[in-house]
There are 2 protein chains.
Amino acid sequence: MINNYELYKVFYWAAKTGSLTQAAKALYITQPSVSHAIKQLEDSFGLALFYRNSKGVALTQEGAILYSYIEQSQNFISRAEEKMAALKNLDSGELRIGGSDSLFKHYLLPYLEEFHQNHPGIKLHLNHGTTPEIISFLKEGRIDLGVVRMPIVDAQLEVRESIQLKDCFVAGPRYEQLKGETLSLEMLLQYPVILFSRNSRARMAITELFQSYGYKLKPEIEVGSVELLIEFARKGLGISYVTKEFISKELEEGSLFEIQLDVKLPPTHVGIMTMRNMPLSISARRFIELVQ
Amino acid sequence: MINNYELYKVFYWAAKTGSLTQAAKALYITQPSVSHAIKQLEDSFGLALFYRNSKGVALTQEGAILYSYIEQSQNFISRAEEKMAALKNLDSGELRIGGSDSLFKHYLLPYLEEFHQNHPGIKLHLNHGTTPEIISFLKEGRIDLGVVRMPIVDAQLEVRESIQLKDCFVAGPRYEQLKGETLSLEMLLQYPVILFSRNSRARMAITELFQSYGYKLKPEIEVGSVELLIEFARKGLGISYVTKEFISKELEEGSLFEIQLDVKLPPTHVGIMTMRNMPLSISARRFIELVQ
DNA sequence: ATTTATCATAGATGAGGTCTATATCTCCTC
DNA sequence: GAGGAGATATAGACCTCATCTATGATAAAT
């Protein structure tokens with residue numbers, strides 16, 4: 001019907017101010033333009049919308065009916081624009097992150113805190129899962145970004161390399177005698193080893209390393225969280241294979257110590273994954289900047 | 001913020017159809033135009049609104065939020081346009097008429113019936129009052145048109161002359177002896193006269209007529225409705241001064257007869273008044289056409 | 001490998017929105 | 001009443017910018 005919604009904006013202001021001149025001022029256009037716009041509306045409806053008089057304009061019956069609809073419409077547009085501005089300013093919105101359990105707690109936590117302080121209006125959604133799950137979440141659009149251990153090879157994903165993590169074997173006071181010693185892999189295997197559960201990336205990596213030297217790494221105990229790896233090692237139940245950066249507190253206070261090996265354990269990196277060729281939300285972009 | 005609401009219409013269709021190409025078809029424009037419009041919105045918000053892929057487009061988080069507002073906005077506009085079309089077609093709307101009591105019943109009734117049958121969606125509001133009251137209603141915008149007796153002299157009003165009404169004196173069987181006689185004004189004054197209440201136009205007119213001949217018309221009885229004028233005359237309480245067109249039934253059945261006078265009583269016209277220089281509502285225009 | 005979708009980009013064009021200038025009308029004031 | 005102030009309407013010129021055509025790029029389907 002009307003093929004130019006711009007006219008409704010003009011109508012709205014003319015009705016609201018009761019004056020074509022005032023409407024023109026509000027819209028930063030001239031009065032004849034407003035006059036022309038209203039005329040177009042009236043012509044296309046075949047209805048008079050305003051009574052004109054020397055003091056301004058007043059809505060006709062039909063104009064008042066139109067206004068009751070257009071007013072609502074304009075209100076929604078105003079609210080939309082405010083909302084968009086808020087989203088742009090990060091005063092509003094949400095950020096959905098997927099990650100491995102341990103990375104949330106030991107790596108992301110301080111960033112999440114800072115981000116939340118800077119942008120309290122942004123709702124944070126944290127989804128934990130295994131690396132393949134996180135990748136699925138990303139592809140399904142359920143999260144904005146995923147934080148997992150590298151390497152990730154997937155053409156659909158864009159991966160940003162973040163900090164380096166070094167895994168290592170640690171023990172508690174029970175194995176005090178090993179402090180300062182440098183063990184070979186073979187020697188290490190004589191002690192009870194505590195590993196993270198089978199499907200973890202770190203577990204696979206260390207198993208492969210032993211295999212490449214011709215040994216088979218067989219854990220005495222398997223646990224499902226980094227906390228338990230730490231706890232069991234402290235209690236002397238065995239030697240845990242953990243991420244060094246996650247136990248800095250225990251190393252410092254001396255409740256755990258690192259066991260030196262005669263082979264170098266390859267470091268891994270944390271990767272921040274996003275969908276390639278998909279625009280990042282402002283909040284996701286901002287969070288990644290913060291982390292990197 | 002956005003200075004072209006037209007863009008929202010394009011956005012709405014793009015989001016709704018999930019395809020810029022489809023949106024273009026719906027809007028009867030080309031796909032590059034849609035592409036350009038969406039880009040403008042995204043640029044001005046500084047936010048991505050759609051994910052593009054080879055099957056079409058999908059809303060981003062921010063886009064979905066925008067859509068939730070814009071959808072409402074567009075719905076109101078659609079409903080507004082439907083409503084305007086209905087008003088134009090007289091499928092909806094209202095018609096407010098002001099008039100003297102007797103004119104409603106004896107003159108307008110058949111037109112009102114016909115109008116209502118033709119346009120059952122139009123609500124009819126009837127406001128009765130004296131001529132000055134009707135004029136005030138018109139000037140206050142409380143009615144669309146007024147139906148009263150001429151003459152009306154008011155520069156702000158536009159008056160259309162409608163049917164002619166002839167007033168006359170009538171009596172019932174009690175005065176049978178006057179049937180066929182031609183009375184002078186003086187002779188008439190010897191009978192009890194029944195007139196409409198003081199502030200009516202017809203009363204003033206007839207009083208002036210007598211005065212111009214040097215007589216003073218003093219009613220025996222004053223009543224407030226045409227029905228009572230008729231009823232009192234039938235019962236033989238006197239000679240009523242009524243509008244001939246309103247008593248055609250009684251004249252036909254013989255319960256009243258007209259008293260011939262040797263002076264001619266000036267006819268009056270019904271006038272249909274509207275505000276000059278104010279656009280008439282479609283319904284008012286249509287009703288006036290019907291009546292004339 | 002080819003076809004057929006999709007959206008993006010570039011450049012040309014012309015419709016039409018906006019402007020200036022002026023007319024017209026009404027109300028208010030002196 | 002004459003004149004001024006303020007409102008909207010009208011006319012015509014101008015120039016922006018929405019839209020077009022043509023083409024490119026990419027992905028999916030055949």
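Every chain is numbered from 1 and lettered A, B, ... according to where its sequence line falls, protein lines coming before strand lines.
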Do you know which two heavy atoms are closest between A/Ala284 and A/Leu95, and how far apart they sit?
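Closest approach of A/Ala284 to A/Leu95: CA-CD1, 3.6 Å.
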Mind listing the closest non-hydrogen atom pair of B/Lys83 and B/Ser92 along with its distance?
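Reported closest heavy-atom pair: NZ-OG, 3.0 Å.
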Could you go through nucleotides 13-20 of chain D and list every protein N or O atom that sits under 3.5 Å from one of its N or O atoms, giving the distance for each pair?
from   : atom 1 : to      : atom 2 : distance (Å)
D/dA18 : OP2    : B/Gln40 : NE2    : 3.2
D/dC20 : OP2    : B/Thr30 : N      : 2.5
D/dC20 : OP2    : B/Thr30 : OG1    : 2.6
D/dC20 : OP2    : B/Ser33 : OG     : 3.0

Aromatic contact, B/Tyr8 with B/Tyr5 (centres under 6.0 Å)
yes
Quick one: do A/Glu42 and B/Lys88 make a salt bridge, cutoff under 4.0 Å?
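No.
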Hey, is A/Asp154 close enough to A/Arg276 for a salt bridge, meaning N to O under 4.0 Å?
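Answer for the salt bridge query: no.
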Please report, rounded to the nearest Å, how far the [atom2] atom of [N] is from the [atom1] atom of [X].
| X | N | atom1 | atom2 | answer |
| --- | --- | --- | --- | --- |
| B/Tyr5 | C/dG17 | OH | P | 17 Å |
| B/Lys25 | C/dT6 | NZ | C1' | 11 Å |
| A/Phe50 | D/dA7 | CZ | P | 15 Å |
| A/Leu41 | C/dG17 | CG | P | 11 Å |
| A/Trp13 | D/dT8 | CH2 | P | 16 Å |

Distance alone, cut at 3.5 Å: any donor-acceptor contact between the side chains of [X] and [Y]?
| X | Y | value |
| --- | --- | --- |
| B/Gln61 | A/Asp144 | yes |
| A/Ser281 | A/Ser283 | yes |
| A/Ser73 | A/Tyr12 | no |

Answer yes or no: does a side-chain N or O of A/Arg52 lie under 4.0 Å from OP1 or OP2 of D/dA9?
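Affirmative; the distance criterion is met.
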If you check every side-chain atom of B/Gln22, which of C/dT6, C/dC7, C/dT9 has the closest atom?
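The answer is C/dT6.
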Of the nucleotides C/dA8, D/dA7, C/dT9, which has the atom closest to the B/Leu20 side chain?
C/dA8
Check for me whether B/Arg203 meets the cation-pi criterion with B/Phe196, that is, NZ or CZ under 6.0 Å from the six-membered ring centre and within 45 degrees of the ring axis.
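The answer is no, since B/Arg203 fails at least one limit relative to B/Phe196.
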Can you pull every protein N or O that's under 3.5 Å from an N or O on nucleotides 25-30 of chain D?
from   : atom 1 : to      : atom 2 : distance (Å)
D/dA27 : O3'    : B/Ser54 : OG     : 3.4

